[in-house]
Amino acid sequence: MKASSARLDGLGTTIFAEMSALALRTGAINLGQGFPDTDGPAPVIEAAALTVRDGGHHQYAPGLGIPALREAIAEHQRRWYDVELDPEREIVVTTGATEAIAAALLGLVDPGDEVIALEPYYDSYVAMIQMAGGTRVPVTLRAPDFRLPIDELRAAVTDRTTAILLNTPHNPTGAVLRREELEAIAQLARDRDLVVISDEVYEHLTFGAPHIPIATLPGMRERTITISSIGKSFSLTGWKIGWATGPADLVRSVMGVKQFLSYTSGAPLQPAAALALGQDASYFDEFRARLQRQRDQLCEGLASVGFEVYVPEGTYFATTDVRPLGFEDGLDFCRRLPELAGVVAVPHEVFYDDRAAGRPLVRWAFCKRPEVLDEAVHRLQRLVN
Ligand code: PMP
Ligand code: GLN
């Protein structure tokens, strides 16, 4: 009996599931998978509860998403980035950013097409480029500052390149692409007539460096699919409400695939997701300030243990080099860490084709309560005592 297709070859189980299962099994503190240990804004959760109880949203939502949510997404893009979108043709609601990424790649990439992606890659990019029959072409962001090597990006474009898949703020490095870097990408996309798929799920998690959507650069709105979700911005990762926005022809392709993946999802949560997007500025300011304090707390703690720490400008992940503590291989380090110190982290190595470039690097999530971060750092002292 044939039990799986070649599309799954080499994909295995995601590192996030593996590491969360390890944390559960060992009782270790989970600084691996990126999810907060506090819930999102109370009024948003209350609105969801009311919607569920009062009914009226328990049947299929429209494939594109309910109008109120599409309008809220349009308003969010206008308010933060001055981008105007037509909610009827230029926005599709998806099952988290994950489905938007899948649908964008499946809707665009043919077998033989190349997709340039920033390495280390978020793991679903690898899986979905492969399932689309495309070839991934990495451009590596390297420690210590994980800047975009623009010459390497230019050299990566061939006649088969279809798209550049971006992620800013970037998981797992925490890099936030600067205007000069985005301009170089935009120029390349315009010159070579490429689509840009831009994953911006950490758009509200920047610490000083501004988040600039590439769709706001000249000539880019018409060739960019911008993807985000409420998971990270509102600490509601389990709701899985995301979206893709862009010009009507590209959004139509995303929708063309999405209708056969899930058709629609999360109907009773969509009105509350619309409410989340409209939170006032104080919500975003407080959220960002809290995460910045947690970033500083964890980074200082990791440095005090002896790791080399790369302080991120965005996301809720910090990266360290484990070699100063006498370890060479981050994957091996992460698999042993629960037993050595009662903590779980995620190795960078699994996000690279050039595994050597990521081997000594380990990612730590700081979207956890301060007392949890304190206890994790306290436990990590066991590595040196
Ligand atoms: N892109 C990146 C870079 C991520 O870190 C994540 C993890 N949340 C996703 C996409 C998936 O987002 P969602 O949970 O909304 O599907
Ligand atoms: N985005 C989350 C992370 O990077 C994980 C989401 C998932 O498990 N797919 O940790």
Side-chain angles (χ1 to χ4, degrees), residues 33-81 83 85-103 199-205 211 213 226-245 251 254-255 258-259 261-291 315-316 365 367-369:
Q33 194 175 28
F35 62 89
D37 62 356
T38 46
D39 288 334
V44 173
I45 292 171
E46 190 57 28
L50 285 177
T51 311
V52 168
R53 212 187 46 213
D54 292 351
H57 286 270
H58 291 296
Q59 312 310 326
Y60 298 127
L64 286 176
I66 62 167
L69 178 52
R70 279 182 279 131
E71 270 149 31
I73 294 164
E75 178 54 33
H76 176 273
Q77 298 309 93
R78 181 182 309 125
R79 169 185 174 194
W80 293 99
Y81 312 121
V83 171
L85 292 162
D86 174 357
E88 295 300 318
R89 301 181 317 128
E90 297 183 317
I91 299 176
V92 54
V93 173
T94 54
T95 309
T98 305
E99 189 187 47
I101 294 162
D199 175 351
E200 304 183 5
V201 296
Y202 298 99
E203 59 190 319
H204 290 294
L205 277 167
H211 168 65
T226 303
I227 291 171
S228 192
S229 75
I230 61 161
K232 313 295 172 176
S233 300
F234 302 98
S235 302
L236 296 167
T237 63
W239 284 24
K240 296 297 286 188
I241 306 268
W243 50 88
T245 63
V251 166
V254 176
M255 182 60 198
K258 182 240 148 54
Q259 65 184 336
L261 291 176
S262 61
Y263 178 56
T264 181
S265 65
L269 298 175
Q270 290 194 18
L275 184 71
L277 283 166
Q279 293 292 286
D280 59 27
S282 64
Y283 165 78
F284 294 96
D285 291 345
E286 282 162 26
F287 175 61
R288 182 179 281 130
R290 178 160 55 82
L291 267 297
T315 74
Y316 40 49
C367 46
K368 309 290 170 174
R369 283 165 291 138

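What's counted below: heavy atoms across the whole structure, side chains too, no hydrogens, waters or symmetry copies.
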How close do [X] and [Y] get, counting heavy atoms only, and between which atoms?
{"X": "Y316", "Y": "G34", "answer": "OH-O, 3.6 Å"}
{"X": "A273", "Y": "I241", "answer": "CB-CG2, 4.0 Å"}
{"X": "K258", "Y": "T264", "answer": "NZ-CA, 4.1 Å"}
{"X": "V92", "Y": "G63", "answer": "CG2-O, 4.2 Å"}
{"X": "V251", "Y": "E90", "answer": "CG2-O, 3.6 Å"}
{"X": "P36", "Y": "T237", "answer": "CD-CG2, 3.9 Å"}

So, [X] side chain and [Y] main chain: donor-acceptor pair closer than 3.5 Å or not?
{"X": "Q270", "Y": "L69", "answer": "no"}
{"X": "H58", "Y": "V52", "answer": "yes"}
{"X": "D54", "Y": "G56", "answer": "no"}
{"X": "R70", "Y": "G65", "answer": "yes"}

Report yes if the side chains of [X] and [Y] come closer than 4.5 Å at any heavy-atom pair, otherwise no.
{"X": "D199", "Y": "I101", "result": "yes"}
{"X": "W239", "Y": "V44", "result": "yes"}
{"X": "I73", "Y": "V93", "result": "yes"}

Rounded to the nearest 0.5 Å, how far does [atom2] of [Y] lie from [atom1] of [X]?
{"X": "K240", "Y": "S262", "atom1": "NZ", "atom2": "OG", "result": "11.0 Å"}
{"X": "D280", "Y": "D285", "atom1": "CG", "atom2": "CG", "result": "9.0 Å"}
{"X": "S229", "Y": "L236", "atom1": "OG", "atom2": "CG", "result": "9.5 Å"}
{"X": "E75", "Y": "L277", "atom1": "CD", "atom2": "CG", "result": "10.0 Å"}
{"X": "I227", "Y": "E99", "atom1": "CD1", "atom2": "CD", "result": "10.5 Å"}
{"X": "E46", "Y": "T51", "atom1": "CD", "atom2": "OG1", "result": "10.0 Å"}

Checklist entry - Checking side-chain contact (heavy atoms from CB on, under 4.5 Å) for the pair I45/D39: CA distance, chi angles, key distance, verdict? => result CA-CA 9 Å; I45 292 171; D39 288 334; 3.8 Å; yes
Checklist entry - Within 45° of the axis and under 6.0 Å from the centre of the six-membered ring of F35, does NZ or CZ of K232 qualify? => result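 Ring-cation test returns no.
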Item to check | ring pair (Phe, Tyr, Trp, His ring centres under 6.0 Å) contacts in which one or both residues fall within residues 261-285, not counting sequence neighbours | outcome: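 Matches after skipping sequence neighbours: W80-F284, H204-F284, F234-Y283, F234-F284, Y283-F287.
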Checklist entry - Are Q77 and T245 close enough, and set up right, to give a side-chain hydrogen bond (donor to acceptor under 3.5 Å, both in side chains), and what steps lead you there? => result CA-CA 9 Å; Q77 298 309 93; T245 63; 4.5 Å; no
